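Being a predicted model, the structure only gives us computed values, none of them experimental.
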Amino acid sequence: MLAGVTKPFATLVYLAASLLTMGPQIKMFTGPLSACTRPTLSGPLATFSLSRCFSTTSPALDWLTPKFQEKSKSPKGRPHVATGGSTRGTTVVWGDFGLRMKDHDRRMPASALKIAEETIKRRLRGMNYKLYKRVSANIGVYTKGNEQRMGKGKGKFDYWTVRLPVSRIVFEVKGDVHEKIAREAFRLAGHKLPGLWEFVKKDDPPVVGITKLGNGVTLDSLKRARRNPPLGTNDLASPPESSSSSSEPTQ
C-alpha cells in the first residue's frame, strides 16, 4: 500500500497508526507529570499529549522495613531503659485495646511481628476495625559464618529487628470490635511472640518500668528517695519515718 510513497513519509504514517492503537495506554501516564517537558510534534501527531512513561513516586514500603538503608551497620545494643520515670509508649493512644509487653525487654525480629500481625488480622477477618503498629523494625542484624577469624568485618545483613523495652504497647485496635474478641485476638498474637504479654484498654493507667500507676501510686512517690532510718534511732520518742513505715504505697 505504501509502495508509491517515500520511505520517511511511510515511517511517519506507521508511527501515527501505532500511536492511535496505543491511545488508552498513553492516557494512563498523563496526570501528575503533565508539567514535564514533552516533545513537540507536527502533522497528524500534534493532537497527542505525550508524557514520560514512568512514575517518580516511591513505592509503598512495609512497616517492618525502614525507609532508608543504614549508612553504617548498627551495633547489637540494648533496649532503652526509662530511668527518669518516663511513661511514654505504655498506654493506648489511638485505639480502644492494645497489646503490651509484660516481662522483660528484648530484641524482637521483624518476622515475629509480621506473624503476630497476620494472626490478629486472621482473627478479626470480616470486622470493621483498624490496626495500629506502635513499633518499627529499623535495627539491622548482621551475621558471619562459622569459624571466621576476628577482624574480618561485621558480616552480611540478615534481618531487621526492633529494640523493644518493657511495658511497651506494640499493637492497637480500634473499630466495631467487642472486647472479648479483641482480647482473644491479642492472646493468639501473644503466643506467637517471645515473652509475656498483657491485654490493656484505653483508660488503663501508664506503667513506669514494671510498676503500674494508680491506687495511690504516683510518679512523684516513685521518684522520692527511699532511705531506711539510721541504726539506733528506733528507740527514740519520735523516730524518723521511712518509706517502709509510712502510709504511702511502695513499689
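- With contacts defined as side-chain heavy-atom distances shorter than 4.5 Å, the pair Val208/Leu219 qualifies.
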Residues Arg107, Lys76; criterion side-chain contact (heavy atoms from CB on, under 4.5 Å); working and verdict: CA-CA 9 Å; Arg107 290 198 314 173; Lys76 184 175 182 179; 3.8 Å; yes
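- Two different hydrophobic clusters hold Val92 and Tyr129 under the rule that ILVMFWY side chains link at heavy-atom gaps under 4.5 Å.
- For Arg106, the side-chain hydrogen bond (donor to acceptor under 3.5 Å, both in side chains) partners at least two apart in sequence or on another chain are Asp103.
- Evaluated for a side-chain contact (heavy atoms from CB on, under 4.5 Å) with Leu193, the options Thr119, Ile115, Leu164, Leu113 yield exactly one hit, Leu113.
- In this structure, Trp160 and Pro66 have side chains that are in contact, with non-hydrogen atoms separated by less than 4.5 Å.
- The shortest distance between side-chain heavy atoms of Met108 and Arg163 does not fall below 4.5 Å.
- Hydrophobic clustering (ILVMFWY, side-chain heavy atoms < 4.5 Å, transitive): Val173 and Ile169 are in distinct clusters.
- At least one donor-acceptor pair closer than 3.5 Å links the side chain of Lys144 to the backbone N or O of Gly153.
- Taking the ring centre of Trp63 as origin, the terminal cationic atom of Lys133 falls inside the region bounded by 6.0 Å and 45° from the ring axis.
- Under 3.5 Å, the side chains of Thr218 and Ser221 contain a donor-acceptor pair of N or O atoms.
- Relative to the ring axis of Tyr142, Lys154 does not place its NZ or CZ within 45° and under 6.0 Å from the centre.
- Two residues are said to be in side-chain contact when any heavy atoms from C-beta on lie closer than 4.5 Å; Val166 and Ile210 meet this criterion.
- Remark: Lys192 does not engage Glu117 in a salt bridge, criterion side-chain N to carboxylate O under 4.0 Å.
- Here the straight-line distance linking atom CD1 of Ile139 with atom OG1 of Thr161 works out to 8.0 Å at 0.5 Å rounding.
- The one candidate from Arg134, Lys130, Lys202 that meets the side chain to side chain donor-acceptor pair (under 3.5 Å) condition with Glu172 is Arg134.
- Going from atom CZ of Phe157 over to atom CD of Glu70 covers 7.5 Å, rounded to the nearest 0.5 Å.
- Side-chain atoms of Ser167 come within 3.5 Å of backbone N or O of Gly209 as a donor-acceptor pair.
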Trace of the side-chain contact (heavy atoms from CB on, under 4.5 Å) decision for Val200 with Glu198: CA-CA 6 Å; Val200 293; Glu198 62 178 346; 4.3 Å; yes
Steps toward side-chain contact (heavy atoms from CB on, under 4.5 Å) verdict (Lys201, Glu179): CA-CA 9 Å; Lys201 295 186 291 187; Glu179 179 181 348; 3.5 Å; yes
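- With values rounded to the nearest 0.5 angstrom, Arg125 atom CZ is found 11.0 Å from Arg123 atom CZ.
- A salt bridge links Glu184 and Arg187; the closest N-O separation between the charged side-chain nitrogens and carboxylate oxygens is under 4.0 Å.
- The distance from atom NE2 of His80 to atom OG of Ser86, rounded to the nearest 0.5 Å, is 6.5 Å.
- What you find for Ala182 and Phe97 is that their closest heavy atoms are CB-CD1, 3.7 Å.
- Put simply, the side chain of Val217 reaches to within 4.5 Å of the side chain of Leu222, judged on heavy atoms.
- Residues Phe171 and Tyr132 keep their aromatic ring centres 6.0 Å or farther apart.
- Residues Ile120 and Ala189 share a closest heavy-atom pair of CG1-CB, 3.6 Å.
- In the hydrophobic clustering of this structure, Leu131 groups with Phe199; members are Ile, Leu, Val, Met, Phe, Trp, Tyr whose side-chain heavy atoms approach within less than 4.5 Å, directly or through other members.
- Across Leu99 and Trp197, no two heavy atoms sit closer than the pair CD1-CB, 3.7 Å.
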Step-by-step side-chain contact (heavy atoms from CB on, under 4.5 Å) determination, Ile181 to Leu124: CA-CA 8 Å; Ile181 300 178; Leu124 302 181; 3.6 Å; yes
